[in-house]
Participant: 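Next up is a structure, given as structure tokens.
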Amino acid sequence: MRWLDKFKLRVRSLFRRGDVDSDLNSEMEFHLARQIEANIAAGMSVAEARRAALVEFGGVAGLTEECRETRRVNWIQDALQDGGYGLRLLRKNPGFTAVAILTLALGIGANTAIFSVLDAVILRPLPYPAADRLVLIWTDMTSAGQSRAPFSGPDMADVRSRSRLLKDVGGIWVGRAALTGTGEPEQIKLGFVTDNFLAIVGVHPAIGRLFVAQDNLQGSAPALILSDGLWRRRFGANPEIVGQAVRLDGNVVTVIGVMPENFRLMFPADASVPPDVQAWTPFRRDLSREPRDLNYLRVLARLRPDATIGAAREEMHAIAAQMRKEFVVDSKQGEEFEVMPLQLDTTREIRPALMALFGGVGLVLLIACANVANLLMSRAGTRRREVALRSALGATRARLFRQLLTESLLLSFIGGALGIFLGWWWTAGLLSLRPKTLVLVESAGLNFTVLGYALAITLTAGVLFGLAPAAEASRFNLIETLKSAGHGSGFGIGKGRLRSLLVASEVALGFVLLFGSGLMIRTFLRLIGVNPGFSGEHVLTFQVAPGWARYPSDATHAQFFEQLRKNIATLPGVDAIGGASHLPFDDYPNWYGYYWPEGAPIEKQQSVMADHRATTPGFFSAMGIPLIAGRDFTDADDASRRRVAVVDDLLAQRTWPGESALGKKLFVETIKNGDFTQGETEVIGVVKHVRYARLADEGRPQVYVAYAQNAREQVAFAVRTADDPAALVGTIRAEMDKMDKDVPMSKVRVMDDYLRDARAGTRFTTLLAGLLAGLALALAAIGIYGVTAYSVGQRRSEIGIRMALGAQRGDILRMVLGEGMAWVLGGMGIGVLLSAILVPALSSLLFGVRATDGVTFAGVAVFLGVVGLLACYIPARRALRADPIVVLRYE
Amino acid sequence: MGKPTDLVQGTVDLLILKTVALERAHGWAIAQRIRAVSKDVLRVNQGALYPALHRLEQNGWIRAEWGESENNRRAKFYSLTRAGRKYLREEEANWERLSGAIGLVLKTS
């Protein structure tokens, strides 16, 4: 209990100081009264007694102070006193205070915003139970040019049975299906999963149950689990949804559960598992009986609690080696299995950009701190007298240092509070601007971690920019200062060297930021300039999947699409129309396979891959893909004729260099009744290569086969029009309704939107980089301006003397500019060095530009030089307008 | 009045604690009692007394409470805490040892 009482006493001393003091006064009064009584009892008169008692009492003031001293809460009181003093000082210099606080707030706010994104994406675990145990397994077929390839059914089954470190292994493939029955027919993203897949993820359904092994058997009743979004939107959030039957692709399916709100599959972008899968259903077939070289499954596994990633990796390599020996199929040569932790894999694209931004924003904060330090030091110069007086009155150096540091911290905390607010606002801005693929970013916001970080950098910043001015101000020669008129610092003069150094370092850091963002801007411009191989303006796209229930064969599918194409072609406003199984930059799972020309030796046969597309006649003209040689498909190329193919110029050059590809025979992957096999085709046309997946990569060559000969479940139509593409939607829908009301039309977008999305990531990073660089530039310019203005102000008398002795305005200007620019150029030199070291880390973000790009270097150097020159010139000129006589007299 | 040396400070503390150990008293009474018991040799004036009382209170060795004095005036009464009692015993032992040692040294020269 003792420490509790003591604590209560301390608290009382701190907060009820008035009471404690008045207590002491009462005690004193009592003591005094008794003393007087004793004196009277000893024989003195009343007046004498009183006087004697008072004399004996002595100075009560000192007594009170001493008692206070013993109460040992002084340091808190001192700190509060310093704080109050600091606040008053800040209020008296509103200009200085505003600039300092704003500078700090901008720096701290930017850091808070970026950190909140960092926290959401990298620091926080994925929203699944024990998410660090989840891994993705990829097939690595580098020999065929594909390092992150999906699995085949038998491979997955073997991995599952042979692995001892993996608790369970499951797979998913996301396709499309037509949901009909209640309301308009709608095409949804459907995740075909093994029965254990969702159980591996570990999230329990909000309603109903997950799949069990029975659901996956061939003859079982088809089961469906809905996403929360689909359940709310289409089924009205009906709580009795379990057991309800819906029609999927014409088949009757029973709903057995609904996943919780906010459940999302966070897979890497190249896994073709989009986060907005709307429903899941089991494969309902034995995957281990499928062809071993049909790779399409994305495999997710959960590590045993005691297994490490490294051990799992080794185990997978061992299993792959076993399987290479056991199954000597050509395609298996050089095949490997790679294990990646899920979170690492999902964030691998955004990590470099995020870390670069984090670094950049840290640099901005350093520049801001340098500016505020400079501000404080220039203000310290004007407070020399005050500090000297206080020192003369008995303040120790430590006390003064503490006070100045407290003022800095005060500034820092006010700036930090405003900065947190700005950070919150900017985080919201980042969220609204983000590219749609960055799903993890959605949960960025101000939580305790972010606030803690903001507090930490506020404190660090305060100490950082407060140390130098406090140290400098509290160390000085007392007599000197009181005697002198306070001449002082400017560029490079005496103590002004520290300030000039700070400005030079600001310039250096600013250079790095400007250079980095300059590179990003050039990257973005290059990216925009990339010709993807097609022309997306004025092209409306939409996707149609009629469903196998009412269109059960390849022939009926092909017929439907042909009819639809012809009908739409007759509509007014339609210039061209064609369909394809895959649109560029769409998230439909890619179809790629081996190809080889007729006569290729066995070892060359399954070695190179191409993207395969099934297209209808008219696709190339609708998409603006130039036909280089030969012809497009026609209606004559149907299932009854020989199989034909159109290749792109890349494939043609690589396979038959120097010759025409027309008429050559090519073995490609074809579809017969839903099965994939290799088939022979004749090349009838060559088109320009199209970039299908990434603007920055050339990608694989393409092979187009005729849709009529290779029916797939869905076709994406492209309609070219001279007018606004959106205007056609209604008429096309009406046309489709005429043919079949139950066939949904989905993903209606202008083709250009896909391109915009593809560029969105880089655009986002570039925008942020540009903003940061602009901020850094502004801060550095303010810094240079400030120091120059102060320097010129301090050297007024010197300048006045020089002018009186005959120096012209131009001479003075040159002197001031020369000194200022010397520091700026020095800073730029360091900036060049720093850039050479730091910027290569950005290489993974760049496209078409090297990290040592000379043009950008030169551009930034010139730009920064000009800004620096202006920042020196303007204050110098203003100061020179003063009359030298006035200046000298002022002294 | 300068800051009292450690020895003096410790001695005043000891005197106060001992006085208060016998019965609770207010500041004036403590000073009077010390004076009386020491036969007017030790006079603790208020400049030393009250800071000492405050310090002892902050350390938790005595506790204070307001009460009514003999002549019905409000006064602050101090009494010994359990920790104070223990501290007093220790300090008394120390004092015995110290004064004994000094006495020995003085006797033998």
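The structure presented is a predicted model; accordingly, all values stated were derived computationally and were not measured. In what follows, every chain begins at residue 1, and chains take the letters A, B, ... in the order their sequences are listed.
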Participant: Minimum heavy-atom separation for A/Glu27 and B/Trp66, please, with both atom names.
Facilitator: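 Smallest interatomic distance, heavy atoms only, reads N-CH2, 4.1 Å.
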
Participant: Side chain from CB out, backbone as N, CA, C, O: work out which of these in B/Arg82 comes under 4.5 Å of a heavy atom of chain A, or both, or neither.
Facilitator: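 B/Arg82 has no heavy atom closer than 4.5 Å to chain A.
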
Participant: Just checking A/Arg50: does its CZ atom have more than 12 heavy atoms from other residues, nucleotides or ligands closer to it than 6.0 angstrom?
Facilitator: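 Atom CZ in A/Arg50 is not crowded, with 12 or fewer foreign heavy atoms closer than 6.0 Å.
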
Participant: Tell me, for B/Thr81 versus chain A, whether the close heavy atoms (under 4.5 Å) come from the side chain, the backbone, both or neither.
Facilitator: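 Neither part.
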
Participant: Considering non-hydrogen atoms only, spot the tightest contact between B/Arg73 and A/Ala33 and give its length.
Facilitator: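 Here B/Arg73 and A/Ala33 meet closest at NH1-CB, 3.4 Å.
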
Participant: Do B/Lys76 and A/Phe30 have side chains that get closer than 4.5 Å, going by heavy atoms?
Facilitator: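 No; the side chains remain at least 4.5 Å from each other.
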
Participant: Is there side-chain contact between B/Gln32 and A/Arg34, with at least one heavy-atom pair below 4.5 Å?
Facilitator: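 Counting from C-beta outward, B/Gln32 and A/Arg34 never come under 4.5 Å.
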
